[in-house]
Amino acid sequence: SNNSSIEFSNITTLVTTLAEDGEIAAATRLFASVFSVFPIAVSQPKRAKYVTGSEPSSFMDAWHYKQQLEKCVPTLTRIAGLRFLSCLCQLLTDYQRLDNSRPEFQGPDDLSYIWRPAIEGHAQNSRDDVRDALVTAIRDSAESIVLEAPANFVAVAEFLDGQQWFIFTRILLYLLGTSATAPLNLIAYYSIQPYLFSEVTVRHEYSLLLKNRFRRLTQEQQ
């Protein structure tokens with residue numbers, strides 16, 4: 001309803017105000033709860049049953065979620081940096097876990113090439129849902145952090161590499177292929193990984209990396 005969207009607009013304003021006032025822990029905590037994802041409860045006689053494999057729910061509909069998320073990303077990225085990026089990645093990981101019809105399956109394959117064909121803005125990215133909004137937010141946040149200082153690139157790369165799903169690998173490959181601060185040793189390392197060469201899920205970003213950076217590799221690496 002319109003009222004609830006106004007309330008969320010007020011809350012996200014509060015989140016950015018807290019961050020600007022230096023209350024970083026409070027801002028990221030409030031952000032994480034407002035943008036959290038959870039299983040859809042299906043009411044059945046006498047008990048609520050949580051359904052796995054159905055799209056997770058959030059406090060806002062997908063459109064408002066995206067709008068309010070976009071409002072928070074620049075300020076929280078600037079002030080909380082990697083801590084905020086970590087918070088965004090946790091939300092996407094929660095979504096992946098809840099969306100998965102096989103909860104025991106821990107990745108890395110997430111079929112993201114189907115639901116997010118390209119990490120960059122792309123006509124084929126047609127799904128306008130919470131998960132898509134989170135991927136865009138993670139990309140934009142990570143891009144800002146690495147552009148600020150080359151030293152940040154290594155920290156962001158290590159962090160993304162430590163996540164369990166291919167969507168995070170794809171964001172890392174995208175940054176390596178497009179960011180001006182991407183270190184040559186990392187470009188070289190990921191360019192020659194055999195598992196990336198043959199993995200269909202990451203193909204779009206891996207191809208982009210090679211297309212943009214191939215000339216910078218040594219002859220042996222090429």
Side-chain angles (χ1 to χ4, degrees), residues 1-41 50 54-99 112 115-116 118-122 125-149 151-153 155-156 159-160 163 165 167-168 170-172 174-175 178-179 181:
S1 77
N2 205 23
N3 278 354
S4 67
S5 66
I6 292 165
E7 277 165 36
F8 282 115
S9 182
N10 291 341
I11 294 171
T12 51
T13 302
L14 175 61
V15 168
T16 54
T17 307
L18 282 168
E20 280 163 350
D21 288 346
E23 301 283 348
I24 296 171
T28 47
R29 252 203 323 272
L30 182 57
F31 173 87
S33 57
V34 171
F35 290 94
S36 62
V37 291
F38 35 84
I40 296 170
Y50 290 114
S54 60
E55 237 170 71
S57 186
S58 59
F59 291 120
M60 290 169 265
D61 62 44
W63 191 85
H64 285 107
Y65 191 99
K66 183 170 182 253
Q67 298 297 313
Q68 297 305 321
L69 190 56
E70 282 172 1
K71 216 170 83 173
C72 293
V73 167
T75 306
L76 283 169
T77 298
R78 182 171 46 84
I79 294 168
L82 201 59
R83 185 172 180 173
F84 175 61
L85 182 65
S86 164
C87 186
L88 286 172
C89 291
Q90 186 56 54
L91 290 171
L92 183 56
T93 300
D94 291 345
Y95 191 106
Q96 297 283 80
R97 196 187 66 237
L98 293 169
D99 193 50
S112 56
W115 51 262
R116 179 75 185 217
I119 295 299
E120 73 269 24
H122 198 281
N125 294 342
S126 55
R127 283 186 66 106
D128 225 5
D129 59 10
V130 163
R131 177 166 57 180
D132 198 61
L134 284 168
V135 172
T136 301
I138 292 166
R139 177 198 72 198
D140 293 350
S141 180
E143 255 180 328
S144 299
I145 294 168
V146 301
L147 282 175
E148 211 173 276
N152 290 352
F153 202 105
V156 169
F159 179 75
L160 290 172
Q163 306 301 305
W165 302 97
I167 187 69
F168 297 106
R170 293 178 58 202
I171 293 167
L172 172 53
Y174 167 82
L175 292 171
T178 58
S179 173
T181 57

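Remark: Y95 pairs with V37, E55, P56, D99, D129, V130, R131 by the side chain to side chain contact (heavy atoms under 4.5 Å, CB included) rule, at least two apart or across chains. Applying the salt bridge (Lys or Arg N to Asp or Glu O under 4.0 Å) rule to E70 yields the partners K66; only residues at least two apart in sequence or on another chain are considered. In terms of the side chain to side chain donor-acceptor pair (under 3.5 Å) criterion, S36 has no residue partners (sequence neighbours excluded). Here S144 pairs with T77 under the side chain to side chain contact (heavy atoms under 4.5 Å, CB included) rule; sequence neighbours left out. In this structure, the side chain to side chain contact (heavy atoms under 4.5 Å, CB included) partners of Q90, at least two apart in sequence or on a different chain, are T93, D94.
In this structure the side chain of Q68 reaches within 4.5 angstrom of the side chain of S9, judged on heavy atoms. Residues S112 and W165 have side chains not in contact (no heavy-atom distance under 4.5 Å, counting atoms from C-beta outward). Counting only heavy atoms from C-beta outward, the side chains of T75 and I79 approach each other to under 4.5 Å. In this structure, L88 and F31 have side chains that are in contact, with non-hydrogen atoms separated by less than 4.5 Å. For the pair L160 and L175, the minimum side-chain heavy-atom distance is below 4.5 Å. Between I167 and Q96 the shortest side-chain heavy-atom distance falls below 4.5 Å. Side-chain contact check for D132 versus R116: some heavy-atom pair is nearer than 4.5 Å.
No option in V34, T12, L30 other than T12 meets the side-chain contact (heavy atoms from CB on, under 4.5 Å) test with C72.
The structure places OG of S179 at 5.0 Å from CZ of F153, a figure rounded to the nearest 0.5 Å. Note that CG of L76 and CZ of F84 are 4.5 Å apart. Values are rounded to the nearest 0.5 Å. Summarising the geometry, atom CD1 belonging to I40 is positioned 5.5 Å from atom OG belonging to S57; distances are rounded to the nearest 0.5 Å.
Summarising the geometry of I171 relative to R139, their closest heavy-atom pair is CG2-CA, 4.3 Å, with the distance given to 0.1 Å. Across all their heavy atoms, L69 and A137 have their closest contact at CD2-CB, 3.8 Å. Considering all non-hydrogen atoms of both residues, T13 and K71 come closest at OG1-NZ, 3.3 Å. When all heavy atoms are compared, the tightest approach of L82 to I145 is N-CD1, 3.9 Å.
T181 places a side-chain N or O within 3.5 Å of a backbone atom of V146 that can act as its donor or acceptor partner.
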Between side-chain atoms of residues 20-28 and protein atoms elsewhere (two or more places apart, or another chain), which donor-acceptor pairs fall under 3.5 Å?
from: T28; atom 1: OG1; to: I24; atom 2: O; distance (Å): 3.0
from: T28; atom 1: OG1; to: A25; atom 2: O; distance (Å): 3.1

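Checked against a 6.0 Å centroid threshold, the rings of F159 and F168 do not count as neighbours. Annotation: F38 is in aromatic contact with F59 [ring centroid separation under 6.0 Å].
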